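For reference, the structure discussed in these notes is given below.
Heavy atoms only: backbone and side chains are in, while hydrogens, waters and symmetry mates are out. Since the model is a prediction, treat every value here as computed from it, not as a measurement.
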Amino acid sequence: MQFSKLFFSLCCMVALGASLVACSEDEELFDDSGSKVTLPVHRAFILNEGTQGANNATLSFYAPDGNADFIKDIFYTQNQAKLGDTGQALIEYNNDLYAIIAGSRYLVRMNTAGVEKQRYAIPESEGDPRYLAADDGYIYMTQYGGQVTKLDANTLKVVGTFKGGANLEGIAECDGKLYVANSYLKNDAGYQYQTDLFVINAANMQLETTLAVDINPNQVLEEDGKIFLISWGNYADKGYSAQMIEPQNGNKPTSLGVATNMAV
């Protein structure tokens, strides 16, 4: 994967081939229990995907203020264990870190120093895990095969599921609704790219409506009460595109132009 370009903003950082989150600046909120190293107040964690099948995903630590050494694999430092195969997604929620390790088929919860607290093993009978969102005490995980799994953020116990669509990718929460990209399905005819953005009631995990968006929707983010979506096209005559969806205005979509990645 490429790591040569790194884009920084005040509140978040995104790296190609990696997921990166920055923790709260309020030191009193940190839970560094069990940590084998002392970390500064300003801290960032980078989930490195590694090579598929090589069991070499890592969680790295970076000090934005330059007042601590870079730690290439802080998960191993803290837990004396490898993270596993294929780091897929990383988010911060309520000053905990949550990461999907897709090849090893688990979701892990860590404290603000990267010490493991719990993990949820994803059943082999279910599709591969993809992306995460969090709100109101719950973690939501998309999966291939058409499933969104709702877990208690403190225990990682499954409390609900949504089943629908084909291969689900990005997810964002807004005002009690989950916006989920239904990206593609594959059959004997090859790849069939979809144009669906599911709107799911987060409380009961039932589908409320399906929005028609640009082909092959993937990345989904929420900011300021709006949903932002990047679709990847069909790799032929339809290219990448960005759209904004306004939930407070009847989920009205607006085209924003061409884009390949975004952060808020």
Item to check | Sub-4.5 Å side-chain heavy-atom contact between Tyr120 and Met141 | outcome: yes
Give a yes or no answer on whether the side chain of [X] reaches the backbone of [Y] with a donor-acceptor pair at less than 3.5 Å.
X: Glu223; Y: Phe228; answer: no
X: Asn79; Y: Glu116; answer: yes
X: Asp96; Y: Arg109; answer: no
X: Thr142; Y: Tyr131; answer: yes
X: Asp196; Y: Phe198; answer: no

Checklist entry - Does a salt bridge link Asp85 with Arg105, judged by any charged N lying under 4.0 Å from a carboxylate O? => result no
Next on the checklist: Glu246: which residues meet the side chain to side chain contact (heavy atoms under 4.5 Å, CB included) condition with it, sequence neighbours left out?
Outcome noted: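 Side chain to side chain contact (heavy atoms under 4.5 Å, CB included) list for Glu246, sorted by chain: Lys226, Met244, Asn249, Lys252, Thr254.
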Checklist entry - Is there a donor-acceptor contact under 3.5 Å linking the side chains of Asp135 and Tyr140? => result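 Asp135 vs Tyr140: no donor-acceptor pair found between side chains.
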Checklist entry - When you look at CZ of Phe70, are more than 12 heavy atoms from neighbouring residues, nucleotides or ligands closer to it than 6.0 Å? => result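 Yes, because the 6.0 Å sphere around CZ of Phe70 holds more than 12 heavy atoms from other groups.
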Item to check | Greater than 12 external heavy atoms within 6.0 Å of Asn204's CG | outcome: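 Counting neighbours around CG of Asn204, more than 12 heavy atoms of other residues, nucleotides or ligands fall under 6.0 Å, so yes.
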Checklist entry - For the atom pair CD1 (Ile100) and CD1 (Ile122), what is the distance rounded to the nearest 0.5 Å? => result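 Going from CD1 on Ile100 over to CD1 on Ile122, the span is 6.0 Å.
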Which pairs of donor and acceptor atoms, one on a side chain in residues 154-175, lie under 3.5 Å apart (sequence neighbours left out)?
residue: Thr155; atom: OG1; partner: Lys157; partner atom: N; Å: 3.2
residue: Lys163; atom: NZ; partner: Gln147; partner atom: OE1; Å: 2.4
residue: Asn167; atom: OD1; partner: Gly145; partner atom: N; Å: 3.2
residue: Asn167; atom: ND2; partner: Tyr184; partner atom: O; Å: 3.3
residue: Glu169; atom: OE1; partner: Arg130; partner atom: NE; Å: 3.0
residue: Glu169; atom: OE1; partner: Arg130; partner atom: NH2; Å: 3.2
residue: Glu169; atom: OE2; partner: Tyr144; partner atom: OH; Å: 2.6
residue: Glu173; atom: OE2; partner: Asp175; partner atom: N; Å: 3.4
residue: Glu173; atom: OE2; partner: Gly176; partner atom: N; Å: 2.7
residue: Asp175; atom: OD2; partner: Gln248; partner atom: NE2; Å: 2.6

Checklist entry - Mind checking what makes ring-ring contact (aromatic ring centres under 6.0 Å, His included) contact with Phe75, not counting sequence neighbours? => result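 So Phe75 forms no ring-ring contact (aromatic ring centres under 6.0 Å, His included) with any residue.
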